[in-house]
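Notes to accompany the following structure.
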Amino acid sequence: MKGLSAGDRERFHEDGVVCLRGVLSEAEISGLRSAVDEQFAQLGTTPSGYDFEAISRQVWAQKRGVGVGEADRFDFDFVKTRILDDPDARPLLETSESGEGRFFYDVAGWRRYPAIYEAAAHSALPGLIASLWDTAYLNFWEDTTFIKSPGTRQKTAYHQDLAYFQIEGTMCAVCWIPLDPANLSNGVTKYVRGSHKWRRTFAPNLVIAQTSTSQATDEKLPDIESAEGDYDILSFDVMPGDVILHDVRTVHGAGGNVSDRPRRAISFRYCGDDIRYYDRPGAIPQIGLREKHQNGDRLCGPDYPIVWTDPAHGQREAS
């Protein structure tokens with residue numbers, strides 16, 4: 001793939017999302033699959049891997065406590081209390097009784113798996129993302145793995161990524177990379193067309209419910225799950241090698257996986273040169289950071305590697 005067409009860029013900026021076909025090679029997809037399969041195999045033994053399907057069942061059960069193995073990034077006993085104290089909270093489950101699947105989540109795989117960093121930094125993606133804006137350079141922010149195995153009823157609550165990240169600015173794009181064929185039956189991501197233009201920042205929620213994270217100060221997202229017909233929802237049937245790009249402000253969510261097929265995916269996040277570090281109230285703390293970052297800092301150093309520079313201008317000097 002040579003680059004983004006004018007039509008691709010227009011759809012991204014107008015709709016807040018665009019689907020690109022055949023961006024990643026078979027070798028890159030194979031490497032990503034091996035990495036996320038290894039992450040999944042280690043569920044329960046690492047500090048950052050969670051099964052949100054199992055957690056959801058425990059949250060809505062009467063028994064106390066939430067078991068998450070060795071994972072310690074989130075305090076899910078506190079999360080359970082917060083959800084149950086929210087009068088508007090409810091289980092976000094597919095009605096199909098398709099069994100007990102797994103909704104696997106892990107983060108920052110690029111720090112542990114060379115194949116993830118190679119795809120994030122050395123594939124066609126950085127150049128494509130950079131062409132969305134007039135940016136002198138592009139930083140890699142983070143990756144997240146999402147797996148919904150067959151029979152997963154748990155939905156991914158509609159949300160806006162911006163409020164989860166410690167950033168401010170406009171040049172941030174998120175890539176959703178399917179590692180299996182994906183459509184609505186097995187949980188492909190759904191996007192609210194044009195929601196990046198609402199000029200609103202919404203509080204991050206707890207993924208398995210619409211309850212906001214603690215300390216969040218932004219307004220709560222409307223209950224889109226109960227009124228999808230009132231919104232212009234986009235989704236794409238995708239194959240491995242395809243990539244869906246969305247603006248960091250675009251509202252999106254996903255259904256469960258009621259099919260008999262797995263839905264493995266990984267998400268990459270990239271930032272252009274107008275992004276500054278901002279310790280946003282309620283944002284999800286990152287793991288594995290090597291340096292301290294202050295509000296207003298440009299992204300730099302080992303935590304946010306530069307993966308593309310403008311060959312004509314290089315990296316701009318700090319203003």
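Values below: every heavy atom of this structure, side chains too, minus hydrogens, waters and symmetry copies.
- Sorted by first and then second residue, the side chain to side chain donor-acceptor pair (under 3.5 Å) pairs involving residues 71-82 (not counting sequence neighbours) are R73-Y105.
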Contacts table for residues 111-125: side-chain donor-acceptor under 3.5 angstrom, sequence neighbours left out:
unit_1: R111; atom_1: NH1; unit_2: G288; atom_2: O; d: 3.1
unit_1: R111; atom_1: NH2; unit_2: D303; atom_2: OD1; d: 3.3
unit_1: R112; atom_1: NH1; unit_2: V107; atom_2: O; d: 3.4
unit_1: R112; atom_1: NH1; unit_2: A108; atom_2: O; d: 3.3
unit_1: R112; atom_1: NH2; unit_2: D106; atom_2: OD2; d: 3.2
unit_1: E118; atom_1: OE1; unit_2: H122; atom_2: ND1; d: 3.0
unit_1: E118; atom_1: OE2; unit_2: H122; atom_2: ND1; d: 3.3
unit_1: S123; atom_1: OG; unit_2: A119; atom_2: O; d: 2.5
unit_1: S123; atom_1: OG; unit_2: L125; atom_2: N; d: 3.1

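- Using a 3.5 Å distance cut-off with no hydrogens or angles, the side chains of Y137 and R298 do pair a donor with an acceptor.
- Here the closest non-hydrogen pair linking P240 and I29 is CB-CG2, 4.0 Å.
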Passes salt bridge (Lys or Arg N to Asp or Glu O under 4.0 Å), E219 versus R200? Steps please. CA-CA 8 Å; E219 64 178 305; R200 299 161 72 184; 2.8 Å; yes

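- At a cut-off of 3.5 Å, with distance as the only test, no side-chain donor of T45 or Q42 sits close to an acceptor on the other residue.
- Inter-residue side-chain proximity for K155 and F103 is flagged as unmet; no heavy-atom pair is nearer than 4.5 Å.
- Membership of the apolar cluster around Y231 extends to Y158, V192, W198, F202, L221, I224, I233, V251, as traced through chained side-chain contacts below 4.5 Å between ILVMFWY residues.
- When hydrophobic side chains of Ile, Leu, Val, Met, Phe, Trp and Tyr are connected at separations under 4.5 Å, Y278 ends up as a singleton with no cluster partners.
- Heavy-atom neighbours of E291 CD from other residues, nucleotides or ligands within 6.0 Å: above the threshold of 12.
- Contact check on D242 versus R21 returns a salt bridge, with a Lys/Arg side-chain nitrogen under 4.0 Å from an Asp/Glu carboxylate oxygen.
- Not counting sequence neighbours, the partners of F268 by the ring-ring contact (aromatic ring centres under 6.0 Å, His included) test are F140.
- Among residues two or more places apart in sequence or in another chain, the side chain to side chain donor-acceptor pair (under 3.5 Å) test is passed with H246 by D161.
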Does the side-chain contact (heavy atoms from CB on, under 4.5 Å) test come out yes or no for S267 and R269, once each step is laid out? CA-CA 7 Å; S267 176; R269 296 83 187 265; 3.1 Å; yes

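- Remark: K190 engages E228 in a side chain to side chain donor-acceptor pair (under 3.5 Å) (not counting sequence neighbours).
- Within the 3.5 Å criterion, the main-chain N or O of K292 finds no donor-acceptor partner in the side chain of D297.
- Among residues two or more places apart in sequence or in another chain, the side chain to side chain contact (heavy atoms under 4.5 Å, CB included) test is passed with R102 by F40, L43, D51, S149.
- Cluster note: L92 groups with no other residue, as no ILVMFWY side-chain heavy atom lies under 4.5 Å from it.
- A donor-acceptor contact shorter than 3.5 Å is absent between the side chain of S56 and the backbone of E53.
- Side chain of N139 to backbone of L299: a donor-acceptor contact under 3.5 angstrom is found.
- For T211, the side chain to side chain donor-acceptor pair (under 3.5 Å) test picks out D86, with sequence neighbours left out.
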Review item, side-chain donor-acceptor pairs of residues 166-179, under 3.5 Å, at least two apart:
unit_1: Q166; atom_1: NE2; unit_2: I284; atom_2: O; d: 2.9
unit_1: T170; atom_1: OG1; unit_2: D274; atom_2: OD2; d: 2.8
unit_1: W176; atom_1: NE1; unit_2: T189; atom_2: OG1; d: 3.1

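- Residue pairs meeting the ring pair (Phe, Tyr, Trp, His ring centres under 6.0 Å) criterion with at least one partner in residues 204-230, sequence neighbours excluded, do not occur; the list is empty.
- Formation of a donor-acceptor pair under 3.5 Å by the H13 side chain with backbone atoms of L132 is found in this model.
- F76 and L93 fall into different hydrophobic clusters, where Ile, Leu, Val, Met, Phe, Trp and Tyr side chains are chained together by heavy-atom contacts under 4.5 Å.
- Inspection of the R57 and Q154 side chains reveals no N or O donor paired with an N or O acceptor under 3.5 Å.
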